[in-house]
There are 2 protein chains.
Amino acid sequence: MARERKFTTEEVFETTKQLLLDYGYEGFTFSLLANHLKVSRGAIYKYFENKEELISEYIIYQMKVFLSQLERINTYTTFDEQFEYLMDIILNDYELHRIRRIAIDIPASDNAKEKENKKQLDNLHLDMYTTLQQFIKLGREEKRLNPRIPDSLILGFIFQTVDIPNHYNVPREDWIKSMKEIIMNGISNSN
Amino acid sequence: MARERKFTTEEVFETTKQLLLDYGYEGFTFSLLANHLKVSRGAIYKYFENKEELISEYIIYQMKVFLSQLERINTYTTFDEQFEYLMDIILNDYELHRIRRIAIDIPASDNAKEKENKKQLDNLHLDMYTTLQQFIKLGREEKRLNPRIPDSLILGFIFQTVDIPNHYNVPREDWIKSMKEIIMNGISNSN
DNA sequence: ATTTAAAGTTACACCTGTGTCACTTTGGGT
DNA sequence: ACCCAAAGTGACACAGGTGTAACTTTAAAT
């Protein structure tokens, strides 16, 4: 190495995350990022071709972290335990799922690297889906899940629900508890 | 009137809706809108000062339509009937709620007209909330709702759930049915 | 037929983000 | 001490969106 770096890739990702949450996909620019990293715009181009590539690499990075946590779901044997664990890791870093949705805005490109990233991300999603599929299968075997509701809706529902904005800043523990209850039993009175 | 208009306000709103859904808030531009209306960009400035004003007026317009439907919820007397009706009108035009979320991106402005629009929209939201509050009250009185879940979460949950993307294009009727079931009873097996 | 005012067009100046490239700085290897 | 390659900077040309204002078109009113 010839010269000390002023910023690490991790710092880029961390700042990117915050800026994406604060300014949204289109509001996020290399100028903004450069300012926050206290570095010139040109420097970032040394590592990322453009905004799309940076964001998709960030998402891949985050997705890998999430997947490594998700895979440990199999250390639990019952559906209820797995469900608890799943909710915990999702809510642990629930902004990620908001950002994943922001990332949908990334326009398709014919750039080779972009295509490669897209492919990798699709594979990661597939991994995630496969793992979750097993979780659902277990739930169905244990007859804990409503057989009239298809797998895809169950998963969509879980990820959608954890995105409910906590406007009134209900304490984290209470919030998680409510989430679990509402996902399992809806809004109706179980009595 | 001195000359026939080439486009109506309704056409603007209809096109705006579609473009917002297709391109998102930042991807939506006056040039794009003008092209789709087959009109020059300048013409639109005759009616709307800028993109923010146009969108907030569109949202107000849509919100009023929704509210006029929502208020008819009181023609139903039981919670179950009201719930059915609510789900029907929400899912009837569920893109609206996605757009309402897009509209959150509109930056605050100190422009007078903008402030006025913001205020009006806040009032409409308040109206909506008040009506829905009564719906929830009825549900609690009938003991149909889980008393441990706060009002705000119930409402957030309903609006969040109807946004689940129907990726697999489940037929409308089936989809609505699943939505109702999952909102009331969650994913668990009620047996 | 002429007038008039609203509707629409066009061109201009401006701003902001993009991507690139020649340049400078830095610090480890020889 | 010197070299050199990686790290970082600054300036440039470019692209696209913005808002405005002078201009043209159109049709209703007189």
Side-chain angles (χ1 to χ4, degrees), chain A residues 1-16 18-20 22-58 102-103 105-115 117, chain B residues 1-16 18-20 22-58 102-103 105-115 117:
Chain A
M1 194 154 305
R3 181 178 166 175
E4 211 177 315
R5 280 191 56 173
K6 290 180 73 180
F7 61 102
T8 66
T9 305
E10 298 245 322
E11 281 172 321
V12 172
F13 286 162
E14 208 43 52
T15 313
T16 296
Q18 204 47 57
L19 295 177
L20 276 179
D22 290 350
Y23 299 91
Y25 174 72
E26 306 284 342
F28 173 83
T29 66
F30 267 32
S31 320
L32 191 62
L33 180 60
N35 287 342
H36 278 255
L37 290 170
K38 294 189 201 307
V39 103
S40 79
R41 202 167 49 84
I44 305 178
Y45 280 95
K46 284 268 154 70
Y47 307 96
F48 302 95
E49 282 179 24
N50 54 43
K51 166 165 139 175
E52 283 67 43
E53 197 208 306
L54 188 159
I55 295 181
S56 65
E57 292 200 2
Y58 161 64
I102 290 175
D105 292 343
I106 298 178
S109 141
D110 43 356
N111 174 304
K113 202 163 190 176
E114 252 325 285
K115 278 192 173 170
N117 280 344
Chain B
M1 195 155 302
R3 181 177 166 176
E4 211 176 313
R5 281 190 57 172
K6 290 180 74 181
F7 61 102
T8 66
T9 305
E10 298 243 323
E11 282 172 321
V12 172
F13 286 162
E14 208 43 52
T15 312
T16 296
Q18 204 49 56
L19 294 177
L20 277 179
D22 291 351
Y23 299 92
Y25 174 73
E26 305 284 341
F28 173 82
T29 65
F30 267 33
S31 320
L32 192 62
L33 179 59
N35 287 343
H36 278 255
L37 290 171
K38 294 188 200 305
V39 102
S40 79
R41 200 166 52 84
I44 305 178
Y45 279 96
K46 286 267 153 74
Y47 306 97
F48 302 94
E49 282 179 23
N50 52 46
K51 166 165 141 176
E52 282 67 43
E53 197 208 307
L54 189 159
I55 295 181
S56 64
E57 292 199 3
Y58 161 65
I102 290 175
D105 293 343
I106 298 179
S109 139
D110 43 357
N111 175 304
K113 203 163 188 176
E114 252 325 285
K115 278 191 174 172
N117 281 345

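Chain identifiers are assigned alphabetically (A, B, ...) following the order of the sequence lines, protein sequences preceding nucleic acid strands; residue numbering begins at 1 within each chain.
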Engineer: Would you say B/K6 places a side-chain N or O within less than 4.0 Å of OP1 or OP2 belonging to D/dT26?
Structural biologist: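 Checking B/K6 against D/dT26: no side-chain N or O falls below 4.0 Å of OP1 or OP2.
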
Engineer: Without decimals, in angstroms, what is the distance between B/E49 CD and D/dT20 C1'?
Structural biologist: 13 Å

Engineer: Write down the distance between OH (A/Y23) and C1' (C/dT16), rounded to a whole number of angstrom.
Structural biologist: 15 Å

Engineer: For the side-chain contact (heavy atoms from CB on, under 4.5 Å) test, which of A/T16, A/T15, A/L32 pairs with A/L37?
Structural biologist: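 That would be A/T15.
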
Engineer: Calculate, to the nearest 0.5 Å, the distance between atoms CZ and CD1 belonging to B/F13 and B/I55 respectively.
Structural biologist: 11.0 Å

Engineer: Nearest-Å distance, CG (B/L37) to P (C/dT9)?
Structural biologist: 11 Å

Engineer: Output the rounded distance in Å from CZ (A/F48) to P (C/dT18).
Structural biologist: 15 Å

Engineer: Please produce a list of atom pairs where a protein N or O lies less than 3.5 Å from an N or O of nucleotides 23-25 of chain D.
Structural biologist:
residue	atom	partner	partner atom	Å
D/dT25	O2	B/R3	NH1	2.7

Engineer: How long is the straight-line distance from OG1 of B/T9 back to CD of B/E11, given to the nearest 0.5 Å?
Structural biologist: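 Going from the CD atom of B/E11 to the OG1 atom of B/T9 covers 9.5 Å.
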
Engineer: Does a side-chain heavy-atom distance below 4.5 Å link A/N117 with A/E114?
Structural biologist: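 The answer is yes; the side chains approach within 4.5 Å.
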
Engineer: Round to a whole Å and report the spacing from CZ of B/F7 to P of C/dA6.
Structural biologist: 15 Å

Engineer: Name the closest nucleotide to the B/Y47 side chain, picking from C/dA7, C/dT9, D/dT9.
Structural biologist: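 Ranking C/dA7, C/dT9, D/dT9 by closest atom to the B/Y47 side chain puts C/dA7 first.
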
Engineer: Would you tabulate the pairs of protein nitrogen or oxygen atoms and nucleotide nitrogen or oxygen atoms of nucleotides 12-18 of chain D closer than 3.5 angstrom?
Structural biologist:
residue	atom	partner	partner atom	Å
D/dT18	OP2	B/F30	N	3.4

Engineer: For the pair made of NZ in A/K38 and C1' in D/dT9, what is the distance, rounded to whole Å?
Structural biologist: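 My rounded result for the distance is 17 Å.
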
Engineer: Nearest whole Å is fine: how far is D/dT9 C1' from A/N35 CG?
Structural biologist: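 Checked: the CG to C1' distance equals 14 Å.
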
Engineer: Measure the distance from CG on A/L33 to P on C/dG17 and round it to the nearest whole Å.
Structural biologist: 13 Å

Engineer: Could you list the donor-acceptor pairs under 3.5 angstrom formed by side chains in residues 38-54 of chain B, with sequence neighbours left out?
Structural biologist:
residue	atom	partner	partner atom	Å
B/E49	OE1	B/N111	ND2	3.1
B/N50	OD1	B/E52	N	3.2
B/N50	OD1	B/E53	N	2.9
B/K51	NZ	B/Y25	O	3.1
B/K51	NZ	B/F28	O	2.9
B/E52	OE2	B/Y25	OH	2.6
B/E53	OE1	B/E49	N	3.0

